[in-house]
There are 2 protein chains.
Amino acid sequence: MATKRAQMMEETRAKLIRAAREAFATKGYAAASMDDITADAGLTRGALYHNFGGKKGLLQAVVDQIDAEMVTRLIAAQERAPSPWEGLLTEGVTYIEMALEPEVQRIMLLDGPAVLGDPSQWPNQNACLLRTTQTIQALIDEGTVKPVDAEAAARLINGAALNAALWIAAADEPRVVLPKAVEAFRQLAAGLLQTER
Amino acid sequence: MATKRAQMMEETRAKLIRAAREAFATKGYAAASMDDITADAGLTRGALYHNFGGKKGLLQAVVDQIDAEMVTRLIAAQERAPSPWEGLLTEGVTYIEMALEPEVQRIMLLDGPAVLGDPSQWPNQNACLLRTTQTIQALIDEGTVKPVDAEAAARLINGAALNAALWIAAADEPRVVLPKAVEAFRQLAAGLLQTER
DNA sequence: GTTGTTCACATACGAGCCGTATGCGTATTG
DNA sequence: CAATACGCATACGGCTCGTATGTGAACAAC
C-alpha cells in the first residue's frame, strides 16, 4: 500500500511544480520569487526546500517534466511519418513548432541552459536530444544518411530548428516566415542524405 | 576639444565594463554582485547606475563590446577564404571556435539571451547575420547554392554552429568532439549546394 | 490503545543584493 | 569669481534567499 504520507508528498510536489511552471514561463526564472510560487500553491518555502532542495532543484523538476512531454510529442509526430527519413524531418518541424510556445522558449531554451548549464548535461541526458540522436543513428545504419557522427548531427539539426523557431517567434509575420524556415530546414537536412537522389 | 569630464567618464565606463566582463565570465551574471564589480573597478554602484542605468545596462554594454570583437574576427576569417562558399564554411567554423572560449559561452550564449532576450535583435548580431545573408544570396545568384530564402538559411546555419559550439564547450574531451562537429557542420551546409558530388 | 518516533512542512531570523533618493565636490560656464 | 551642472558617493528601505528551529500529524512498537 502506498502510505498516506507518500501520496501527500507527491501531491505537494505536483502543486509546486505546477505553480513554478506557470511562474517561470510568465515572469522568467530570476523574476519569479519562491514566496510567490509557494503561496500560489498554498504552501510555504519550507515545502519547497524539503522537496527540491532549493530554487534550482525546482527548475530542474520543471525542466524534466516539460522535456518528457516534448519527447512524447516528438515520438508521436515521427510515428505518423511515411518513412524514417520523413520522420526525422517531421521531428525537426515539430521541434520548431514546440519552440514557438512561450513556455518552452522561456524555460527550456533560455533560463534552463543559463541556470542549469548545457542541456546535454542535464540528469536525464536531455531525452529530447537523445531521441533525435537515435533516429539519426538508425538512418545511418540503414544507409539513408551519410556516416557522420549521429550526436553531432542531432545537435546541429536541433540547433538549426531552434534558431528557426526563435526567428519565427520574433518575426512580424510568423505565418509568412514559418514556411520559409521549414523549407530551408529541409534543404539543410538534405545535406545529411547519402549521395544521389 | 574633448572636455575633461567626458574623457574621465569614458575612463570609468571602460573600467566598469572591464570589471563586469571579468565577473560575468567567471561567476555568471546572476552571481556577480554590483558591489563587487564596482569595488573591483575602484568605484561604487553610484557610477554604475549613472553610466549604465542598472545591471542589465551594464551587461548590454559588455555584450556589445564582445559582439563587436566577434564580428571583426568573423569578417577577418571569411576574407582569408579562397572562395565565397568556403568563406561561408570558414565563418561557421570560426564561430564554433569562438564559442569555445568560456567568456563568449557564458556571456554571449547563456546569460545574454536569458537576460536581454533574442540575440538576433542585438545591434552587431544583426549586422553579422545580414552579412551572412548577403553572402548566401550572392551564392544563390551565381548558382552555387539552391534558390532558398537567404535569410532563413543564414539563421539556420548560425543556429547550427551555435549549438555545435555549446556542445563542444560542455564536452569532456573538446578536442575529440570538435572535428566531429566541424565535419557534421560541413555536411549539413552542403545541403544548400546546387550540385551533389 | 497508548506511547514514542519520524518526518513533512511551517515559522523565524539573518545576510546579501538591488534600486532610489539624497549629498558632495570638482569641472564648466558666464 | 560666482553660479551652475554633473559625475559619482553615500544612505536607506524593501525584497529575496538560505538555514536553523519548531510543530503536529502519520506511522511503529508493544
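Naming: A, B, ... by sequence-line order, numbering from 1 per chain. Quick caveat: nothing in here was measured; it's all calculated off a predicted structure.
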Is [Y] paired with [X] through a side-chain N to carboxylate O contact shorter than 4.0 Å?
X	Y	value
B:Lys15	B:Asp40	no
A:Glu69	A:Arg21	yes
B:Glu101	B:Arg73	yes
B:Asp149	A:Arg186	no

Hey, is the side chain of [X] poking within less than 4.0 Å of OP1 or OP2 on [N], counting only N and O atoms?
X	N	answer
B:Thr12	D:dC8	yes
B:Thr44	D:dT10	no
A:Asn51	C:dC9	yes
B:His50	D:dC8	no

Could you check how far [atom1] of [X] sits from [atom2] of [N], rounded to whole Å?
X	N	atom1	atom2	answer
B:Lys55	C:dG19	NZ	C1'	13 Å
A:Leu48	C:dC9	CG	C1'	11 Å
B:Met34	D:dT10	CE	P	15 Å
B:Arg45	D:dC12	CZ	P	14 Å
A:Leu16	C:dC9	CG	C1'	11 Å
B:Glu11	C:dA27	CD	P	15 Å
B:Lys56	C:dC17	NZ	C1'	17 Å
B:Lys15	D:dC8	NZ	P	9 Å

Distance alone, cut at 3.5 Å: any donor-acceptor contact between the side chains of B:Gln194 and B:Thr144? no

When you get a sec, tell me which of [options] is the closest nucleotide to the side chain of [X]?
X	options	result
B:Leu43	D:dG18, D:dA11, D:dC8	D:dC8
B:Ser33	C:dA8, C:dC18, D:dC17	C:dC18
B:Ala47	D:dC8, D:dC17, C:dC17	D:dC8

Give A:Ala32 one of three labels, base, sugar-phosphate or nothing, depending on what nucleic acid heavy atoms sit under 4.0 Å from its own. sugar-phosphate

